[in-house]
Structure formats: C-alpha cells, structure tokens
Protein chains: 2
Amino acid sequence: MFKPVTIKDIAKELKLSTSTVSRALRGGYEISDETKKLVLDYAEKINFKRNPIALSLKERRSYSIGIVVCEVANVFFSQAIDGIESIAYSKGYNTIISQSHDKYEREVINMEHLANRSVDGIIISLAAETKNYEHIEKLHKQGLPIVFFDRILESMQTHKVTSNNVKGAFEATEYLIKKGCKKIAHLANSEQLSITAQRQIGYKDALTKHHIPFKKEYVRYCEHGGSMKDEVEQAMISLLNLPEKPDAIFVASDRLSMGCLAALKKHHSENIIVAGFSNSDVVELFSPSLSCVRQPAFEMGQIATEMLISIIEAKYPVEEFETRILDTTFSPIA
Amino acid sequence: MFKPVTIKDIAKELKLSTSTVSRALRGGYEISDETKKLVLDYAEKINFKRNPIALSLKERRSYSIGIVVCEVANVFFSQAIDGIESIAYSKGYNTIISQSHDKYEREVINMEHLANRSVDGIIISLAAETKNYEHIEKLHKQGLPIVFFDRILESMQTHKVTSNNVKGAFEATEYLIKKGCKKIAHLANSEQLSITAQRQIGYKDALTKHHIPFKKEYVRYCEHGGSMKDEVEQAMISLLNLPEKPDAIFVASDRLSMGCLAALKKHHSENIIVAGFSNSDVVELFSPSLSCVRQPAFEMGQIATEMLISIIEAKYPVEEFETRILDTTFSPIA
DNA sequence: GTGAAAGCGCTAACAC
DNA sequence: GTGTTAGCGCTTTCAC
C-alpha cells in the first residue's frame, strides 16, 4: 500500500531525534547549520513531504478553504473558482470545491462536510432554493470564517463581494428601451436571492427613467435557478402567451439566459430582443443573439479569497466588515 | 475559534471512557444496548461529528478521491465530475477537484498535492501538454490507485474508461462526406493524447471508406488543447489560407469546437460545415452550427469511480484491469 | 544545539 | 461490557 516517508524515517536514517528533524525542516533557529543542511538535503533527496493530515490534526487547521457554488459548469462560477484558486495557491491554501446544484439540502450537507473536513473558512454563493440560513449562521457563530460572493446573505456580519447588479441590470434594460422596446419582460432567479432583488431594482429604475410602467405580469421567477427541467421553458411560454406579448426580455442570470434563448428559438420568437447577465465566452456564436452584462468573476473570486484569508489569519477577532461592489461591463450586440 | 465537540467531551459528560464512546458510536457489538443508546442519543443531541482528519491520520486513508481534469468550465468534464460525485457520495467518499488547465506543471503539482492530502485514489484525464508521465507512474508504483478516463495513458496497467473515439470520429467525418464535402480538414488536440490518435483513426477510416485521400496538410494540432490565447484561431487561419480551402472541418474536442466556430464567424467562412466532439447543452443555439459527437460523460465519471473504489477497497492487490469503451452519440444538425 | 515526551482526535489490541 | 494504553505524523514545551 501507499506509504509515504515520515519524519521518523529521516530521524532514524540520520540518527537524530524527530524533533530535531522537524525543527530543521521548518528552519528553526536553534538548529546548527550543519544539521539543518544534513536534514534538508536528505529530505530533498528522498522527496519528503510533510503529511498535511497530521499537521491539520495538530494545528486544528488545514490550510484549505471550502468553496460552495451552485455548479461548476456555469461559466461565471468556474471563472470565480479560477480567481479563488489563484489567490489561495499563492498564499499556501488549497481549495475544496463543492456544488449545491441550487438545492438547499445539498448546500447544507456540503457546508457541514466542509466544516468537518476542517476547512479554515468557506467562500459561498447561495443556492437558488435556500431560504433558511441556519446552517450557515450556526457555523459562523462557531467561529468559522465565511465570505459571500455574488449571491450574498445581507443579514450576516461578514465580508461580501458582489458586482454592481443594480447598475448592470439598469444598463441592460435601458439598452432594450433604446432599441425601441416598450414591453420588456424580466426573467429572474428565485425571489429571495440578493441578486434577484438587486437586478430587479435596476430593471425598474430603467423603466421608470423612461416612463414605462412596471408590470408584475412581465416578471417571472425561477425558484430553482433553472436547475429544474423545463422550469425556464415554462416561464418563457407563459411570457410568450401573455395578451401583450413582450418585445424584449431582460434575463437575470447566465443559466436563465441560455434557457431563454433556447425557448425563443424553439417557439419561433427570435424577434424578441434579449439582454441579460452572462459570462459566456462564446456569446458571439449565439443565435438568437444575447447582449450581455458581464461580471468580473475572476476578480470577484480573488477578492473574496483575500478577504477570507484575512479573517483566517487575523490575530484578533475581526469586527469590521466590508462589502465590495465591482462594476459590470455591458456588451451590446451591434 | 472554531472548536468542535470531541469524543472526549462525550466521554467526560457521560462518565465513560473514550474507547467505549468510540465503540458505541460505531455500533461495536461488545457495547451494551443501554450504553449504546445513551451515547448515541447524546451524540445526536449535541450534533457530534467524528473528526475526519483524525480518522485519516489513524487509518492512513481519507475516504476522499482526487479528480484531475483540465478544467471544470468544460461541459464534458463538469458532467463527468457530476457522475463521479454521484457514485463517490453514495459510497461514502468525498471528492477533491483540481484543474490542470492543460498545463503539465499544474498537473504534476496537483497530483503531488492530492497524494500528500492522502486521497485514497485519483481519477485523471491527462492535460494536453503532458508528455512525461513519471509523476503519475511514481505514485502508481507507490501503490496509489489511479483510474484514467477520456485522455488515458495506454501504457499504464490500470482501469480506464473512454468513449468510442474511433467510431465517434468516423460518424462525424462520414456525415460531412455525405453532405457532399470532399476537402475535410481536421482540427485536433495535442498530438500525444490518446484521444487525438483515436479520433484521427476514425477520421482517416471514413476518408478511406469513401476513397478520399488523407492529406497531412489538412490536419492541425493544438498543443495546448486550445488553452493558449489565439492557438485555435491561428490553426484555423492557416487552414483557411490553404490553396485548397477546406469545405468542412472535423473538430476533435469541445473547446476546439468553440474556437473553430468563432474563427469561422470572425473570418466570414460560415459556409464551411463543422462536425465535432462537444457535450455543450446549448449547441442548438450556435451559429455557425455544429453537428456534434456526444460522449456519455456522466456515465464515464460513474464507471471510473466505481472502478477506482473497487481498487481502493480490494482486499488483495488488483492484477486484472479493464478498459471500458462507451458509445458516443452523433447529433447532426438537420 | 539536541532529545524526550506530551498531545491533536480517534481506534483497537489488550487488560480486567 | 468497559477501561487502559499505544500509536497514526507532526510540533512544541521542557529538560539537559
């Protein structure tokens, strides 16, 4: 079976004590240069690596951080993960990625598992279904550092990173208005998500500015964030069947944008103009086309990670928390 | 700080020894039902969870399996990951996902890290850049169970899962031929990958069957799997500038397919017909359109995981290895 | 400058 | 049926 070299093996080989070896390895100042070199060279030679499991047990921390996102297949999240990893690795942390698939139960299980696994902190974007936050609050109260990004929990006292959802939504909606559209529908994520509220504000603001009345009938929520089969298509059908059929749609998330375009194509309504949040890197290939609001996902991941590590490594309990709001970029089609 | 309950706390509270508690918790037959109930109830009440770190240290295994893929943003891999997780979780294992981004160095670091992290085994699909396999062979020799999927290492004695790359490529190419194309180019991944060789065989077979000569000039390899900026576009440009400009392209992977379509659009060559490997779930939205060969990614992940766990849990060293080849599905456009 | 020993949380042989 | 003890690999007092 797989049996790595231990500090003991080195000690035996070099006729030293394990403590001396340990100290030499971590460059303890008490050790003579001679011994230090001896140990270091030998360790190098046999490719010794400290056992992080033992270290974790000893230090009650693991130098790993947990990530909870709805799914890695979503470009926004995979970019964010890349950002998280870039910072984490550079600071000596590893990451453990877990997916909630927008399910509340999965999120609960994932969080518990990460906590048991002794991650030093968690970076999370809430699942679409999550309405109860006890599982997070409990861990937070127990002292586990938690940072939110994208889909944040406003009520929790901790660091948060979002993009400027209001402005992003405003720009997209105003673009549709300037295109001459008057009946602009809004396809949204589940109602209780922070991003849903924010993006709806931007949508409404744009309507108001241009004297277009806001109509509740034009708004559809996807409770499962589009993870449920047919969820998005059903929402789209009900919009398309409205007596006053929309001439444009503002879509509030990546996954919904894809579902929206697919539904328009399927139901031969390509004349409806779509603008929405999406970080897709192949958006120029889409037909019907999509004007999109892009979030700085990579950077959001980086910042969230810096924030998390700052809490983890803080000498004293952190009392002051920050919410960073990054700008989105709007890329209209033509 | 975050301080979970330990078995010791329970022992103290219940005035028992830690071993009794430990045994009761795992349902040891020697413990009286009375004590067992006492312990179980109390553990339940205070929401006790065994510390997996301590367990790992003790048992020299972690009940976690490592995954190495080029990137999670790639649909094929994210689907495979979902398959892996489905089996892993059901059998009590956790997963640690790591991305090579098709870089050799990253792959080496990831593998080492996973091994140090005491994963019980690794499921890997090779990076496009990887040409040297010592990092894998070393761990394998040390007894770490390894299973390959998709981009496999033929020379290693272990379980492997692939899709029927030859047949998939054959079908796609033949489809192009039946569409009336005669000058069919081939955009491929890096040359040393198993899938590259296999898919090229299928491509050639189809040409041969229909009496079209194979031309080396029509083949382009992407050494970095398309992860390098402009890599795919450059390859495409050189194909488009050929004296005998191709009238169709068979593309050998998901990422390349996207790059290929983007390049065709950018260089106004939408008349060229494209067929290629892709597991994209929004392929019907693409323009130019893509006829695609789909791999059963989820199932491949599941099978790989079952194989891995069978090695991990084998009582005796496994000597007989299996290579499972799953069928692809071809979805032509129109 | 180096070694012996205790302890992180858990399990399992070995008492009793 | 339950307790004692040693040990997984490592760090870190405390001796010397």
Side-chain angles (χ1 to χ4, degrees), chain A residues 1-40 42-43 46-64 92 115-120 142, chain B residues 1-40 42-43 46-64 92 113 115-120 142-143:
Chain A
M1 268 289 82
F2 187 61
K3 171 116 184 56
V5 206
T6 76
I7 225 170
K8 221 177 188 169
D9 300 328
I10 301 185
K12 200 184 297 171
E13 176 67 28
L14 265 34
K15 303 201 194 311
L16 290 168
S17 75
T18 58
S19 45
T20 304
V21 175
S22 169
R23 276 182 284 235
L25 249 17
R26 37 187 31 234
Y29 60 94
E30 324 109 293
I31 306 296
S32 72
D33 288 353
E34 203 181 352
T35 320
K36 220 180 258 180
K37 186 168 176 351
L38 186 69
V39 173
L40 256 21
Y42 184 67
I46 62 172
N47 190 29
F48 169 82
K49 294 271 169 10
R50 294 221 299 288
N51 179 333
I53 302 274
L55 243 182
S56 297
L57 183 60
K58 180 88 182 111
E59 309 217 325
R60 319 288 254 331
R61 58 172 303 190
S62 59
Y63 284 96
S64 66
N116 287 331
R117 200 80 214 155
S118 308
V119 293
D120 298 341
Q142 286 181 76
Chain B
M1 267 288 80
F2 188 63
K3 173 121 183 52
V5 205
T6 77
I7 226 170
K8 221 176 184 169
D9 300 328
I10 301 184
K12 200 184 298 172
E13 176 68 30
L14 265 34
K15 302 198 195 313
L16 292 166
S17 75
T18 58
S19 49
T20 305
V21 175
S22 168
R23 277 183 282 234
L25 250 18
R26 37 189 28 236
Y29 60 96
E30 326 112 288
I31 306 296
S32 72
D33 289 352
E34 203 180 353
T35 319
K36 220 180 258 181
K37 185 167 175 356
L38 187 69
V39 173
L40 256 21
Y42 184 67
I46 62 172
N47 190 30
F48 168 82
K49 294 272 171 4
R50 295 221 301 286
N51 180 332
I53 302 277
L55 243 182
S56 298
L57 183 60
K58 179 88 182 108
E59 309 220 320
R60 319 290 252 330
R61 59 173 301 191
S62 59
Y63 285 95
S64 65
H113 169 242
N116 286 331
R117 199 79 215 159
S118 306
V119 292
D120 298 340
Q142 286 181 73

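Proteins get letters first, then strands, A, B, ... in listed order; numbering begins at 1 in each.
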Does OP1 or OP2 of [N] have a side-chain N or O of [X] closer than 4.0 Å?
X     : N      : result
B:R61 : D:dC8  : no
B:S19 : D:dT5  : no
B:S17 : D:dG3  : yes
B:S22 : C:dT11 : yes
B:T18 : C:dG9  : no
B:K36 : D:dG1  : no
A:T20 : C:dG3  : yes
A:R26 : D:dT12 : yes

Please report the shortest heavy-atom distance between [X] and [Y], naming the atom on each side.
X     : Y     : result
A:L40 : A:A24 : CD1-O, 3.8 Å
B:A43 : B:L25 : CB-CD1, 4.0 Å
B:S62 : B:S56 : CA-OG, 3.4 Å

Specify the separation, in whole Å, of atom [atom1] of [X] and atom [atom2] of [N].
X     : N      : atom1 : atom2 : answer
A:E30 : D:dT13 : CD    : P     : 10 Å
B:Y63 : C:dC10 : OH    : P     : 16 Å
A:K12 : D:dC10 : NZ    : C1'   : 16 Å
B:R60 : C:dA12 : CZ    : P     : 13 Å
B:K8  : C:dT11 : NZ    : P     : 14 Å
A:K58 : C:dA5  : NZ    : P     : 16 Å
B:L14 : D:dG1  : CG    : P     : 18 Å
B:L16 : C:dT11 : CG    : C1'   : 16 Å

Earlier contact from the 5' end, DNA chain D, for A:K49 and B:V21: B:V21

Toward the 5' end of DNA chain D, by each residue's nearest nucleotide, B:R23 or B:E59: B:R23

Listed nucleotide nearest any side-chain atom of A:R50, set D:dG1, C:dC10, D:dC10: D:dC10

Value rounded to 0.5 Å, distance of CD1 in A:I7 from NZ in A:K12: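 So the CD1 of A:I7 and the NZ of A:K12 are separated by 13.5 Å.
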
Distance, nearest 0.5 Å, that separates CG of B:N51 from CG of B:L55: 7.5 Å

May I ask you to say what [X] touches in the nucleic acid, namely base, sugar-phosphate or nothing, with a heavy-atom cut-off under 4.0 Å?
X     : answer
B:S56 : nothing
A:L57 : base
A:Y29 : nothing
B:I53 : nothing

Distance-only donor-acceptor check, side chains B:S22 and B:R26, under 3.5 Å: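 Distance-only check fails for B:S22 and B:R26.
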
